[in-house]
Student: 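One structure follows; several queries about it will come next.
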Amino acid sequence: MSISDTLVVIIKAFAVFSVLLFIGAFLRAKIRLFQKLYLPACVIGGFLGLIVGPNGLNLIPVSGDVMEVASSLPGVLIVPVLAAVPMCMQRSGGIDLRKQRDIITMFSILTGGCFLQFVIGLLVNLGYSAAGGESYSTFGLELAFGFCGGHGMAGSLGSALKDLNAPYWEVAQGVASTSATVGLIGAIVVGVVMLNMAVRKGYTSVMKGGEGISEDFRLGYYRPVDEKRPSLGVQTTISNSIETLSLHMALLLAASGGAYIIGNWVSSLNIGILSAMSTWFYAMILMAVFWMIIQAFKIDFLFDEEVKNKITGFLSDYIIVAAIMSIPIDLVLTYWIPMLIMFTVGMAITICVCYFIGKKYFREYWFEKVLGPFGSNTGVYVSGMLLTKMADPELRTPALKDYALGYTLASFVNTPLMALMVSVTFMQGPLMGVFVALVISVICFIPIVLFCRR
């Protein structure tokens with residue numbers, strides 16, 4: 001196939017994904033169940049594509065080339081998405097963590113809880129294999145990649161395993177996407193149940209019911225009657241020179257392209273575990289270097305965090321719809337027993353970690369602050385934000401602010417360590433993966449025991 005033909009296939013694939021996104025947005029706006037679960041259009045569209053596509057009922061004519069793009073796209077687009085993490089990072093200062101103990105607790109729950117999920121998933125792998133079940137060496141990583149990382153990180157797991165030439169990378173990506181969906185729905189359903197119970201027991205400080213979420217948020221779009229629609233971000237450049245979006249994309253793609261070069265160079269040197277690290281790990285490091293240079297030249301004012309977030313959100317929509325549409329159902333269902341055990345135990349342990357540690361160590365508004373990390377460690381950042389706003393719709397407490405700060409700190413730590421978990425487990429086996437994840441989890445919980453007692 002020529003380069004021209006390849007580009008045509010890619011355009012066709014994006015056309016299919018775009019139609020699914022349109023339909024997903026329409027169904028979110030019209031179907032009450034989807035509104036109550038706050039399902040994103042990309043998730044709805046992705047499952048629609050899975051059901052009617054070649055991996056499901058095969059009701060629509062989608063070529064094998066388009067499906068190949070769908071399975072590979074998440075692993076490619078996740079590189080610029082994760083490269084964006086250090087971009088627009090502010091210089092340290094202004095936050096004294098010694099005086100913000102609840103942020104330390106938030107960080108510990110987010111990171112420690114994430115790596116505890118790795119322990120659970122890999123133990124299920126070991127137990128299932130010991131009982132005579134067939135599995136693959138990295139099975140179990142999907143719990144944390146799906147629950148804590150969401151559908152985007154599910155694609156990154158597939159990308160990492162593909163880089164390692166693991167023959168089961170598509171299956172792992174499918175299991176991780178399934179994990180992300182279970183976590184996303186579970187975050188809302190369980191979170192609402194937790195909130196209702198907390199209201200009855202008097203644990204909430206300002207909220208006495210589940211009201212407070214706007215109609216727009218439920219429908220998934222801003223109506224014309226709204227007085228003010230939020231901005232996409234600040235335009236930092238003049239269009240006759242370069243578009244603001246082009247400038248931001250240029251930096252993201254430069255870091256992404258450089259990461260492939262660095263990754264190939266490191267692999268050629270065969271430097272132990274570094275050779276097994278995924279491309280998006282190097283993209284984050286390279287972006288951190290780029291951003292320090294940009295700050296040194298004092299041109300960081302040209303980049304806006306909201307613009308960056310909208311670009312990564314745009315890419316994530318296509319990642320998610322492609323990842324779900326390309327789930328190999330037949331292969332994934334082969335592991336339905338360990339998946340069911342893994343999801344059930346993972347959800348139960350996550351609830352316990354967030355609830356009991358939060359209740360013991362958060363110094364104020366403990367229940368409102370529990371909802372953020374619970375939503376994030378089972379769904380995505382937005383899930384935690386949504387649950388927090390349900391409990392505190394007028395933002396009278398510092399719960400949402402502390403959650404945002406704790407999540408920011410956790411994201412800088414979690415992402416490279418999750419890349420490390422893939423490499424360690426693939427190269428050394430699930431038992432070593434359990435050991436490394438358990439050590440990281442324990443280290444994350446030590447600070448709250450030592451410094452965050454009430």
Side-chain angles (χ1 to χ4, degrees), residues 1 3-81 146 150-156 158-159 170 173-174 176-178 180-181 184-185 216-224 229 232 245 249 253 309-330 332 379-380 382:
M1 183 182 293
I3 294 178
S4 177
D5 292 336
T6 301
L7 291 175
V8 170
V9 170
I10 293 174
I11 293 296
K12 289 180 179 178
F14 270 90
V16 172
F17 306 150
S18 298
V19 170
L20 292 173
L21 283 170
F22 271 122
I23 296 174
F26 176 79
L27 294 177
R28 163 66 184 268
K30 296 298 182 180
I31 298 179
R32 191 75 176 179
L33 177 61
F34 294 159
Q35 295 170 11
K36 288 184 176 181
L37 294 176
Y38 298 97
L39 285 180
C42 52
V43 172
I44 300 170
F47 272 102
L48 178 63
L50 177 64
I51 293 169
V52 303
N55 289 353
L57 301 176
N58 198 22
L59 298 179
I60 58 174
V62 179
S63 68
D65 290 337
V66 169
M67 290 304 297
E68 187 175 349
V69 171
S71 62
S72 300
L73 188 70
V76 175
L77 289 188
I78 198 63
V79 176
V81 169
H151 290 88
M153 287 299 286
S156 75
S159 171
E170 284 188 275
Q173 182 170 288
S177 295
T178 305
T181 304
L184 183 65
I185 296 174
D216 292 337
F217 201 97
R218 183 176 62 81
L219 294 174
Y221 62 91
Y222 294 101
R223 292 165 295 177
R229 301 182 184 185
L232 286 173
L245 286 174
M249 279 297 298
L253 294 179
N309 290 340
K310 293 304 178 185
I311 291 174
T312 57
F314 154 73
L315 295 176
S316 295
D317 280 343
Y318 281 93
I319 288 173
I320 293 169
V321 74
I324 296 176
M325 180 183 178
S326 61
I327 292 175
I329 298 178
D330 293 342
V332 168
V380 289
V382 174

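We count residues from 1, following the sequence as given.
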Student: Is Asp317 reaching over with its side chain to a backbone N or O of Cys42, donor-acceptor style, under 3.5 angstrom?
Tutor: no
Student: For a side chain to side chain contact (heavy atoms under 4.5 Å, CB included) check, start with the C-alpha distance between Tyr221 and Arg28, then their side-chain angles and the critical distance, and finish with the verdict.
Tutor: CA-CA 9 Å; Tyr221 62 91; Arg28 163 66 184 268; over 6 Å; no
Student: Val69 pairs by side-chain contact (heavy atoms from CB on, under 4.5 Å) with which of Val9, Thr6, Val16?
Tutor: Val9
Student: On a heavy-atom basis, which atom in Ser177 and which in Ile327 lie closest, and how many Å separate them?
Tutor: CB-CD1, 3.8 Å
Student: So that I know where these two stand, are Phe314 and Tyr318 an aromatic pair - ring centroids less than 6.0 Å apart?
Tutor: yes
Student: Quick one: list whatever passes side chain to side chain contact (heavy atoms under 4.5 Å, CB included) with Ala180, sequence neighbours left out.
Tutor: His151
Student: Atom CG of Leu20 and atom CD1 of Ile320: how far apart are they, to the nearest 0.5 Å?
Tutor: 13.5 Å
Student: Nearest 0.5 Å, please: how far is CG in Leu48 from CD1 in Ile60?
Tutor: 7.5 Å
Student: Just how far is it from atom CD1 of Ile10 to atom CG of Leu73, taken to the nearest 0.5 Å?
Tutor: 8.5 Å
Student: Are any of the side-chain heavy atoms of Met325 and Val62 separated by less than 4.5 Å?
Tutor: yes
Student: Determine the minimum heavy-atom distance between Ser326 and Ala323, stating which atoms define it.
Tutor: OG-O, 3.2 Å
Student: Report the C-alpha distance between Leu7 and Ile3 in whole Å, list the side-chain angles of each, state the deciding distance to 0.1 Å, and finish with yes or no for side chain to side chain contact (heavy atoms under 4.5 Å, CB included).
Tutor: CA-CA 6 Å; Leu7 291 175; Ile3 294 178; 4.3 Å; yes
Student: Quick one: pull up CG in Leu33 and CG in Leu27 and give me the separation to the nearest 0.5 Å.
Tutor: 11.5 Å
Student: With rounding to the nearest 0.5 Å, note down the distance linking CD1 in Ile319 to CD1 in Ile324.
Tutor: 12.0 Å
Student: Quick one: pull up CD in Gln173 and OG1 in Thr178 and give me the separation to the nearest 0.5 Å.
Tutor: 10.5 Å
Student: Report yes if some heavy atom in the side chain of Leu39 is under 4.5 Å from a heavy atom in the side chain of Leu184; otherwise report no.
Tutor: yes
Student: Show your working on side chain to side chain contact (heavy atoms under 4.5 Å, CB included) between Ile51 and Leu59 and close with a plain yes or no.
Tutor: CA-CA 8 Å; Ile51 293 169; Leu59 298 179; over 6 Å; no
Student: How close do Ile78 and Met153 get, heavy atom to heavy atom, and via which atoms?
Tutor: CD1-N, 4.4 Å
Student: If I compare all heavy atoms of Pro74 with all of Ala70, which pair ends up nearest, and what's the gap?
Tutor: CD-O, 3.1 Å
Student: Using only atom types and a distance under 3.5 Å, with no angle test, would you say the side chain of Ser159 pairs donor to acceptor with the backbone of Gly155?
Tutor: no
